[in-house]
Number of protein chains: 2
Amino acid sequence: MAEDGRSATEIAYKEIRGHLLDRRLPPGAPLREAELASLAGVSRTPVREALRRLDAEGLVELLPRRGARVAPWSEQELEDVFALRLRLEGLGARLAATRASAGEAERLRQLAEAVAIASRRRDARRFDEITRANNAFHAGVLAAAGDDWLRSSVGAVVSRALVRHTFERYRPVDLRRSLAHHHELADAIAAGDPDWAESVMSSHIFAARRVLLSHRAQADRTVAGANE
Amino acid sequence: MAEDGRSATEIAYKEIRGHLLDRRLPPGAPLREAELASLAGVSRTPVREALRRLDAEGLVELLPRRGARVAPWSEQELEDVFALRLRLEGLGARLAATRASAGEAERLRQLAEAVAIASRRRDARRFDEITRANNAFHAGVLAAAGDDWLRSSVGAVVSRALVRHTFERYRPVDLRRSLAHHHELADAIAAGDPDWAESVMSSHIFAARRVLLSHRAQADRTVAGANE
DNA sequence: TGAGCCTAGATTGCACACAATTCGTCGCAG
DNA sequence: CTGCGACGAATTGTGTGCAATCTAGGCTCA
């Protein structure tokens, strides 16, 4: 757990972020520097720098002189995140349709297909692979948009949303719809139609919002419920 | 230059940020930790933490093992920032119109008036005061929107845009239009009309974009030219 | 019995020292 | 004269120690 090519700060960042994203460190949990340091196998200094970065990304809350804790979530915030993604990724899709080269459009088609392929897996890594492919597709759209600022803004928002966004609870119909959106989006961008592209992306995010919010509501209703 | 109530990290952050915003540290300039440390009167440790934060905000670029430099700007990036602000602040205005209480709406009217008052100054601090009042107004709109995520996203984008956004080159007609937008926006929010509010905010940002981009173009055209 | 103070342990904030890496420069060979 | 390589100064990366501060628990006093 010691020697990597990566820097200690990056090791700490990745390690802590991983624990945040899969909820091994649940929202609201206190984060002590010494613990995280031994967890990542580095000293407190890189841990502190990683925490600063995670704070800037909104994944943790930094209270002066009182340490850090995993950023908590509210229903309202979750709604707000989707409203933000709607605007930002909508803009991204629009720009991509305007600026994408033929090669980039083709690449988006491949990335969309990659998500579909991942979704046909049936093994343990299925949802990890779907998530990875899905992220790659969305990153591809933003790359085609050619706006670094937009990309970093979306990255900041989505990295927070990622804590919630798991495909495990998608019903088959939801997943099929999501895949169809990807293909349609790739077509819209290839066609160079910004209105179409933005519209599809909006639908895509509205649909995701519905799935994740209803899942959350369901989970809240069945706190001590069945194992599902 | 030593004893403050503030923490060393905050001193370093504010100090460096100040130098960035008023261009004492110009875009592209290299930032050496030791220099910044003696500049702020603290050690390298808090300087490093401040640089991480400024990197996350996009004001500086952090190159691994090669130090930091003031984030450079391109014409394209400037365009992109306005496209982003259009979406984000447009959303903020919409939410504010939906969620703002009567008291908040009234407060926005006061903030709009404060900008107008600042613009009537004729002393040396005129533009500083306009900037401060203008920021307060926009912050007020976002506060009324009640979306912390949106606020932090806008904060990230605008803090970068601030490097460019000076009121000094606004013509009288531009400034009057800007003030009118503020009042109209306050009215739209007070009326609880989200479409109106977003529309006004969009106009406001389009207008600002035109002023700052044309100013830039003009400045480029008259590099060795007349005194304006 | 309860409220408030006070002490002790734990934790963060900061400075400093050293290790690792990079960049510039000088020398040498072709 | 030019290109390549190696050395050295400068700069960043990381670990560690100490001081400041916060939290928790018990103790005192009303």
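Note that these values count all heavy atoms, side chains included, but never hydrogens, waters or copies made by symmetry. The sequence lines fix the lettering, A, B, ..., with proteins before strands; numbering per chain opens at 1.
Atom pair A:Arg69:CZ and C:dT11:C1' shows a separation of 17 Å (rounding to whole Å applied).
A:Ser152 meets the side-chain hydrogen bond (donor to acceptor under 3.5 Å, both in side chains) test with B:Arg160; sequence neighbours excluded. Residues passing the side chain to side chain contact (heavy atoms under 4.5 Å, CB included) test with A:Leu62 are A:Leu51, A:Arg52, A:Asp55, A:Ala68, sequence neighbours excluded.
Classified by interplanar angle (parallel below 30°, tilted 30° to 60°, perpendicular above 60°), the ring pair B:His204/B:His138 is parallel.
To the nearest 0.5 Å, atoms NE2 (A:His182) and CE (A:Met201) are separated by 7.5 Å.
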Per-nucleotide protein contact string for nucleotides 10-17 of chain D (B base, S sugar-phosphate only, - none; heavy atom under 4.0 Å): -SBBBBBB

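By the 6.0 Å contact criterion, CZ on A:Arg121 is enclosed, its count of non-hydrogen atoms from other residues, nucleotides or ligands being greater than 12.
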